Amino acid sequence: YLTAIAGNGDRISAQFELAQNYPNPFNPSTTIEFRLVQTQSVELSVFNLQGKKVRTLVHGVEAPGLHHVKWDGRDQAGRPVASGLYFYQLRAGQQSFTRKMMLLK
């Protein structure tokens, strides 16, 4: 397992890591990378500032290793989303990590 440091300084084991998207800010698309240490069911989703899910990028069982996912700045229906701050969240098992990204048009 990967080791992360909790806010209180304790070491916690993680089943995955979620990198910062690049480029950030982005237009018209960005790449999100995540690494898994074992085969597992994962979900990678994008949320707006109100916490509403804008798009699900990955939903299913993925193999261990490094994964690259491209987001084209569109919602689940294929419509372009507005400029602004978005969050992307990777969930696996009982763990989730969230990061911020900025879409500039």
Side-chain angles (χ1 to χ4, degrees):
Y1 289 102
L2 302 168
T3 300
I5 305 298
N8 61 8
D10 290 345
R11 291 185 173 273
I12 55 175
S13 55
Q15 298 176 348
F16 59 86
E17 65 180 315
L18 179 61
Q20 185 63 51
N21 67 300
Y22 61 89
N24 188 35
F26 70 95
N27 180 10
S29 66
T30 189
T31 300
I32 299 168
E33 287 185 354
F34 64 93
R35 182 181 305 275
L36 301 176
V37 296
Q38 64 188 30
T39 299
Q40 58 190 320
S41 179
V42 298
E43 183 172 320
L44 176 63
S45 299
V46 177
F47 297 87
N48 64 19
L49 279 176
Q50 292 76 38
K52 181 182 176 204
K53 188 184 290 187
V54 173
R55 179 100 179 252
T56 300
L57 301 173
V58 176
H59 182 80
V61 176
E62 297 290 335
L66 184 62
H67 299 264
H68 305 315
V69 179
K70 190 167 245 175
W71 183 44
D72 60 4
R74 295 180 179 272
D75 67 12
Q76 204 68 35
R79 297 178 300 253
V81 299
S83 292
L85 187 63
Y86 291 86
F87 298 93
Y88 57 101
Q89 181 181 68
L90 182 65
R91 300 175 64 104
Q94 301 300 314
Q95 294 183 311
S96 69
F97 291 142
T98 304
R99 293 193 179 268
K100 296 186 280 191
M101 60 183 162
M102 176 72 72
L103 171 59
L104 292 178
K105 292 188 180 181

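The shown structure was predicted, so the numbers you read here are calculated from the model rather than taken from an experiment. Scope of the values below: all heavy atoms of this structure, side chains included, with no hydrogens, waters or symmetry mates.
By the ring-ring contact (aromatic ring centres under 6.0 Å, His included) test, Y88 is found to be paired with no residue, residues two or more places apart in sequence or in another chain being considered. Take K105 and apply the salt bridge (Lys or Arg N to Asp or Glu O under 4.0 Å) test, not counting sequence neighbours, and it matches no residue. Residues passing the salt bridge (Lys or Arg N to Asp or Glu O under 4.0 Å) test with R91: none are found, sequence neighbours excluded. Partners of P28 by side chain to side chain contact (heavy atoms under 4.5 Å, CB included), not counting sequence neighbours: none found.
Residue F97 holds its CZ atom at 11.0 Å from CD of Q89, rounded to the nearest 0.5 Å. Residue Y86 holds its OH atom at 15.5 Å from NZ of K100, rounded to the nearest 0.5 Å. Taken to the nearest 0.5 Å, the OG1 atom of T56 stands 7.0 Å off from the CZ atom of F47. Taking CZ of F26 as the start and CG of L103 as the end, the distance is 4.5 Å to the nearest 0.5 Å.
Heavy atoms only, all atoms of each residue included: K70 and L57 are closest at O-CD2, 4.4 Å. Of all heavy-atom pairs between L90 and V42, the closest is CD1-CB, 4.2 Å.
Residue pairs satisfying the salt bridge (charged side-chain N to carboxylate O under 4.0 Å, His left out) criterion with at least one member in residues 48-61, sequence neighbours excluded, are listed as follows: E43-K53, R55-D72. Applying the side-chain hydrogen bond (donor to acceptor under 3.5 Å, both in side chains) test to every pair with at least one member in residues 73-84, sequence neighbours left out, gives these pairs: D75-R79.
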Side-chain donor-acceptor contacts of residues 60-68 below 3.5 Å, not counting sequence neighbours, with atom names and distances?
residue, atom, partner, partner atom, Å
H67, NE2, A63, O, 2.7
H68, ND1, E33, OE2, 3.1

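You'll find the side chain of P23 reaches within 4.5 Å of the side chain of T30, heavy atoms only. Annotation: side chain of V81 is not in contact with side chain of N48 (no heavy-atom distance under 4.5 Å).
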